[in-house]
Amino acid sequence: MTTATATKITANKNHPKLPVTPRRNAHFIDGAWVEGDKLIERKSPAHNVLVSLSPEGDVSNVDAAVAAARRTFDDGTWPGTSASERAQLLAKTASLIRENLEELALYDCLESGKPIGQARAEMGGAADTWDYAAGLARTLSGDSYNQLGSDTLGFVMREPVGVIGMITPWNFPLVIISQKLPYALAAGCTAVIKPSEFTSSSTVRLCELLAEAGLPAGVVNCVTGYGDPVGKRIVNHPDVDMVSFTGSTAVGKKTAEACSANLKKVTAELGGKNPVVVFPDADLEAAADAVVLGALFNAGQCCVGGSRLIIHESIAKDFTEKVIELMQRVKVGDPLDDDTQVGAIINDKQHEKILEFIENGKQSATLRLGGESVGEEGLFITPTVFDDVTENMDIAQHEIFGPVLSVLTFKDKAEALRIANGVDYGLSSSVWTTNIDTGMEFARGFKAGTVWMNTYLECPVEVPFGGFKESGIGRENGRFSIEEYTELKTVLLHTGPRTSWFAPRS
Ligand code: NAD
């Protein structure tokens, strides 16, 4: 049973918040703004209106950016600063993000198609990350070993890794660069950034804010453009010491493979196929609301999206009805409207991919809601629910990255856990129960970097974020995040006369 054909969505092409002229971006290299001949045109996926132009970077742009980052690292321009100076710069950047919140939110809304209200909240979260990293900068410390003998002291220093290449996706543009850059700067590293070709504006604007905050030229550089050649050159450049990548598992694997050639350090935040397990004793009203949020947040284009509902068979029918009823009330529409909850799909390719998964799902499972493309000119897909899904179906195994929920059922805890863990990914998991024993059994049993118990999508900056299995390597946020950008150096110090290897001294 599917709903009647949904009404077409026409985003307002004359919306007062749409720019009259597109924003013109440039590369930020060694403190200067570098234009390019070839420009990437970005149209709002909701309105099909040109909103920004970014230069299509090439290998020479990356090489210039890496040279600046290398110089400002090697001559001590940035690693030579004190923790106090770094903290002040990071805190100032947090304030500037807040002062420019509306403008930054508008760029991410227009370029990605996400609702403006959500984009505003994301900008607040991004600013918080810079503030948190400012605090962390002053806590970074090493270790000492004073029990190695009366003439020996061992100590361990944390040194910044060096030049960090940062490559980011389109789904949370300012949030994701803010999960990398402030921590790397706090550790004393310099950086070359490549934002997604679809959503470059907020990252380029962030570079302007860093300059305004007083960051020395060359410490942070940004090259806009495509994965090949810009991202590829960053990954392969011999003067880049570490790569911090967020994006698809496929490109993440290629990145890690390239880094392994010379054992370059790499962190990778990748895809997910995240389960939400619901037991009959849970607060089912709250659980249904969270399932809808998890499946539809950012139009399902969210690495931690709850794309698999794993529900106890005794309540499956009623609970699924409840979820469908809530989903029908969700406002899908013009991302520039304050009350929109689900906006547009990022681009034609992603739109096609989601519709292909929906067609595939129709062959094996039961379509209960949505499944339709409803944009007049923009790219919109209605909230979609598949019932009667079993473990090995494509829609239960693969990251669809769209507003599509697959409903699976379980008989007992062992089966629920097996289904939850039975995918290649391990980014996040959620369990809903009022029984603390069951909750803890799942918290321990899930093979995932984050477990939400009776909640969903909470990501405070104080706790680490990252994946198990094919969802990634390394962690962002939390106190460990700064350590990702450091190397450990051991120093052994001898005091007093040393016993000669050849002969004792007379
Ligand atoms: P993507 O892998 O296509 O692109 C990510 C970035 O890599 C872009 O900047 C792109 O230009 C660049 N790139 C592409 N090819 C490259 C290459 N050969 N070498 C170097 N760089 C290259 O991903 P996307 O479509 O932008 O983002 C969606 C994916 O990101 C989803 O799979 C999602 O789950 C994942 N994601 C993960 C997290 C997380 O924290 N785990 C967060 C957000 C998104």
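When a ligand or atom number is given, it counts from 1 through the structure's own listing order.
Under the 6.0 Å cut-off for aromatic ring centres, Tyr485 and Trp78 do not qualify, their centroids lying 6.0 Å or more apart.
Taking any N or O of Glu399, backbone or side chain, at least one lies under 3.5 Å from an N or O belonging to ligand 1. At a 3.5 angstrom cut-off on N or O pairs, Ser248 counts as close to ligand 1. The shortest N/O to N/O separation between Trp170 and ligand 1 falls below 3.5 Å.
Of all protein heavy atoms, the one closest to atom 33 (C) of ligand 1 is Phe401 CZ, 3.2 Å. Among all protein heavy atoms, the one lying closest to atom 14 (C) of ligand 1 is Gly227 CA, 3.6 Å. Of all protein heavy atoms, the one lying nearest to atom 20 (C) of ligand 1 is Gly231 C, 3.3 Å. The protein heavy-atom contact nearest to atom 19 (N) of ligand 1 is Lys232 N, 3.6 Å. Protein heavy atom at the shortest distance from atom 5 (C) of ligand 1 is Thr246 O, 3.7 Å. With respect to atom 42 (C) of ligand 1, the closest heavy atom belonging to the protein is Cys303 SG, 3.1 Å. Nearest protein heavy-atom contact of atom 27 (O) of ligand 1 is Pro169 CB, 3.3 Å. With respect to atom 16 (C) of ligand 1, the closest heavy atom belonging to the protein is Val251 CG1, 3.4 Å.
Using modelled atom types and a 3.5 Å distance limit, the side chains of Glu476 and Ser481 yield no donor-acceptor pair. There is a side-chain donor-acceptor pair under 3.5 Å between Asn100 and Arg205. Judged by distance alone, the side chains of Ser202 and Asp108 do bring a donor and an acceptor atom under 3.5 Å apart. A donor atom on one side chain and an acceptor atom on the other are found under 3.5 Å apart for Asp334 and His47. If you check the side chains of Ser52 and Glu111, you find a donor sitting under 3.5 Å from an acceptor.
Residue Ile176 touches ligand 1 through its side chain alone, judged by heavy-atom distances below 4.0 Å. Of the heavy atoms in Phe245, only side-chain atoms (C-beta onward) come closer than 4.0 Å to ligand 1. Counting heavy atoms under 4.0 Å from ligand 1, residue Glu197 touches it through the side chain alone.
Atoms of ligand 1 found under 4.0 Å from any heavy atom of Ser196 (numbered from 1 in listed order, with element): 9 (O). Listed by atom number, the atoms of ligand 1 under 4.0 Å from Leu427 heavy atoms are 41 (N).
Remark: distances from the non-hydrogen atoms of Gly467 to ligand 1 are all 4.0 Å or more. Using a 4.0 Å cutoff on heavy atoms, Phe198 does not count as a contact of ligand 1. Ligand 1 has Lys194 within reach: a non-hydrogen atom of the residue lies less than 4.0 Å from it.
Residues Asp131 and Arg98 are paired through a salt bridge, judged by an N-O separation under 4.0 Å between the basic side chain and the carboxylate. Using a 4.0 Å cut-off between charged nitrogen and carboxylate oxygen, Arg158 and Glu487 do not count as a salt-bridge pair. Between Glu208 and Arg23 a salt bridge is recorded (basic side-chain N to carboxylate O distance below 4.0 Å). Taking the charged nitrogens against the carboxylate oxygens, Asp241 and Arg70 do have a contact shorter than 4.0 Å, which makes a salt bridge. A salt bridge does not link Glu269 to Arg475: none of the charged side-chain nitrogens sits closer than 4.0 Å to a carboxylate oxygen. Salt-bridge formation is not detected for the pair Glu352/Lys349: no Lys NZ or Arg NE/NH1/NH2 atom is positioned less than 4.0 Å from an Asp or Glu carboxylate oxygen.
Of the inter-residue distances, the one linking Gln301 atom CD with Gln350 atom CD reads 5.5 Å to the nearest 0.5 angstrom.
The heavy atom nearest to atom 35 (C) of ligand 1, out of those in Gly271, Gly247, Gly225, Pro173, is found in Gly247. The nearest non-hydrogen atom to atom 44 (C) of ligand 1, considering only Thr168, Asn171, Val235, comes from Asn171. Around atom 41 (N) of ligand 1, the closest heavy atom drawn from Asn274, Leu270, Asn236, Asn298 belongs to Leu270.
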